[in-house]
Colleague: 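What follows is a single structure, and I will ask about it in a moment.
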There are 2 protein chains.
Amino acid sequence: MSIKQSILIAGSTLLREKGVSALTQPQIAQAAGIKQSHLTYYFPKRANLLLAIAEFTLHGLMDNIAAQLQANPRGKTLADGLARLLIDGLPPRVLLGLIVAADSDPDIRKPLRKLIRHVRLSIRHLLERAGIAADDEAALLFHATIVGLAVMHQARLNRESAAEVRSGLDRLIRTLMPKPAPRRRP
Amino acid sequence: MSIKQSILIAGSTLLREKGVSALTQPQIAQAAGIKQSHLTYYFPKRANLLLAIAEFTLHGLMDNIAAQLQANPRGKTLADGLARLLIDGLPPRVLLGLIVAADSDPDIRKPLRKLIRHVRLSIRHLLERAGIAADDEAALLFHATIVGLAVMHQARLNRESAAEVRSGLDRLIRTLMPKPAPRRRP
DNA sequence: GGCAAAATTGGTAGCCTTACCAAACCAAAC
DNA sequence: GTTTGGTTTGGTAAGGCTACCAATTTTGCC
């Protein structure tokens, strides 16, 4: 495994488990088993490191989703897979980390926009595959909703918030899925 | 105006305009026109200050929403008012600030949960007033969606993201509003 | 083997943060 | 007018972070 990879892995693990404030050069370096000064050799500025970690992380997530969808491309599985992803905490923390960083380093914002666009696109593919017709606006709302669910869970991190992620996703997908056998109340 | 108030105002202004990373004791103190050491006299720990700012901010927001709703309690206005709130940036930044802080100081999480519960409740009232029937799950989804829209806008801060907030809110509310004259496609 | 480039290390300058403390100050109560 | 309690100030200790650099080691190549 290359050093760069081990840095990225250490970084995203740290991010997942301890949040953005733990994502410092000393801690990442220690977790990756290298010296801090060596870390700056690979990533001279903190922003470089952050973006690399974000890209690396999201790349992994996309693969993850794709694989899950491959396994069983219909509704229930979609909700389950997404729920696991959102509760895991890595994706929202990546986003939060970038937002916070962008506040003090505006250069980050451009790649961040690109990243979000990319996620949006992936979501559209996801929905298509799940048999949900989604125009731009529908994809936007879906995206926003899962981001919101994830962020609110991150804020609370208890059983209730996790349950909300699941029930929220369930309901969200249920309302969007084409009904196979519409049954009406009496 | 009491010193405490001026501190809270300075803090929330700073938060709105420069983001969480600018929310430090020196900067707040300067903005409030007092010495940093004096700031710690009122708020011995950073967490105290953060929570106070969050409460103060959200309190103001609720009043804001309530007033807007008072003025004109139906759909279009609801969307407009919310959009202004979300684009303004203060609410999502308060949330982000608390999440980041909670990562290094878990004591913050309990009041943070309470805060979110409170917002949820306000949203239910809001929806009721706007003539939208909302069970728990619907309120949850509404809440999640607006949080997601706001956060994704904060991440990008450009015209496109602002437009997304507006169109997202529009569509969200449109799908929830009871249709006055349902018209079907041919 | 020897050379050049890349990788790695130890060390440190400079900055910023939070939290604390002792002293000065003010204002109201007695 | 003095005492007492709350306010305000200046100063600072301790710690953490980023970024840089000079020196050493390793690696790949001729």
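Below, read A as the first sequence line, B as the second, and so on, with proteins coming before strands; counting in each chain starts at 1.
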Colleague: Tell me if the CD atom of B:Glu55 is crowded by more than 12 foreign heavy atoms within 6.0 Å.
Modeller: no
Colleague: Could you tell me the separation between the CD1 atom of B:Ile123 and the CG atom of B:Leu82, rounded to the nearest 0.5 Å?
Modeller: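 Between B:Ile123 CD1 and B:Leu82 CG, I get 8.0 Å after rounding to 0.5 Å.
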Colleague: Distance check needed: D:dA22 C1' versus A:Lys35 NZ, whole Å only.
Modeller: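 Checked: the NZ to C1' distance equals 17 Å.
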Colleague: Over how many whole Å does the gap from A:Asn48 atom CG to D:dC20 atom P extend?
Modeller: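 Checked: the CG to P distance equals 11 Å.
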Colleague: Please state whether the phosphate of D:dT8, meaning OP1 or OP2, lies under 4.0 angstrom from any side-chain nitrogen or oxygen of B:Tyr41.
Modeller: no
Colleague: Partner of C:dG1 by Watson-Crick or G-U wobble geometry, both contacts under 3.5 Å, or none?
Modeller: D:dC30
Colleague: Roughly how many Å is it from CG in A:Leu50 to P in D:dA19, rounded to a whole number?
Modeller: 10 Å
Colleague: Please enumerate all protein N or O atoms sitting under 3.5 Å from an N or O of nucleotides 25-28 of chain D, with distances to 0.1 Å.
Modeller:
none

Colleague: Using a cutoff of under 3.5 Å, can you pull out all pairs of nitrogen or oxygen atoms linking the protein to nucleotides 17-21 of chain C, with atom names and distances?
Modeller:
from, atom 1, to, atom 2, distance (Å)
C:dT17, OP1, B:Thr24, OG1, 3.1
C:dT18, OP1, B:Arg46, NH1, 3.4
C:dT18, OP2, B:Gln25, N, 2.9
C:dA19, OP2, B:Gln25, NE2, 3.4
C:dA19, OP2, B:Arg46, N, 2.9
C:dA19, N7, B:Gln36, NE2, 3.3
C:dA19, N6, B:Gln36, OE1, 3.0
C:dC20, OP1, B:Lys45, NZ, 3.3

Colleague: Kindly write out the residues that satisfy salt bridge (charged side-chain N to carboxylate O under 4.0 Å, His left out) with B:Arg113, not counting sequence neighbours, or none if the list is empty.
Modeller: none
Colleague: State the CG-CD1 distance between A:Leu169 and A:Ile87, to the nearest 0.5 angstrom.
Modeller: 8.5 Å
Colleague: Salt bridge (Lys or Arg N to Asp or Glu O under 4.0 Å): which pairs involve residues 135-152 of chain B, sequence neighbours left out?
Modeller: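 Output for this query lists A:Arg171-B:Asp135, A:Arg171-B:Glu137, B:Arg124-B:Asp136.
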Colleague: D:dG6 P sits how many Å from B:Ile3 CD1, rounded?
Modeller: 17 Å
Colleague: With a 4.5 Å cut-off on side-chain heavy atoms, are B:Ile53 and B:Leu23 touching?
Modeller: yes
Colleague: Considering only residues two or more places apart or on different chains, which pairs with a residue in residues 28-52 of chain A satisfy side-chain hydrogen bond (donor to acceptor under 3.5 Å, both in side chains)?
Modeller: A:Gln25-A:Gln36
Colleague: I need the full list of salt bridge (Lys or Arg N to Asp or Glu O under 4.0 Å) pairs touching residues 96-112 of chain B, with sequence neighbours left out, sorted by first then second residue.
Modeller: A:Arg93-B:Asp103, B:Asp103-B:Arg109
Colleague: Quickly work out the A:Tyr42 OH to D:dC20 C1' distance and round it to whole Å.
Modeller: 18 Å
Colleague: So which heavy atom on B:Ala22 is nearest to which on B:Leu14, and how close?
Modeller: O-CD2, 3.6 Å
Colleague: Whole-Å distance between D:dC17 P and A:Asp105 CG?
Modeller: 18 Å
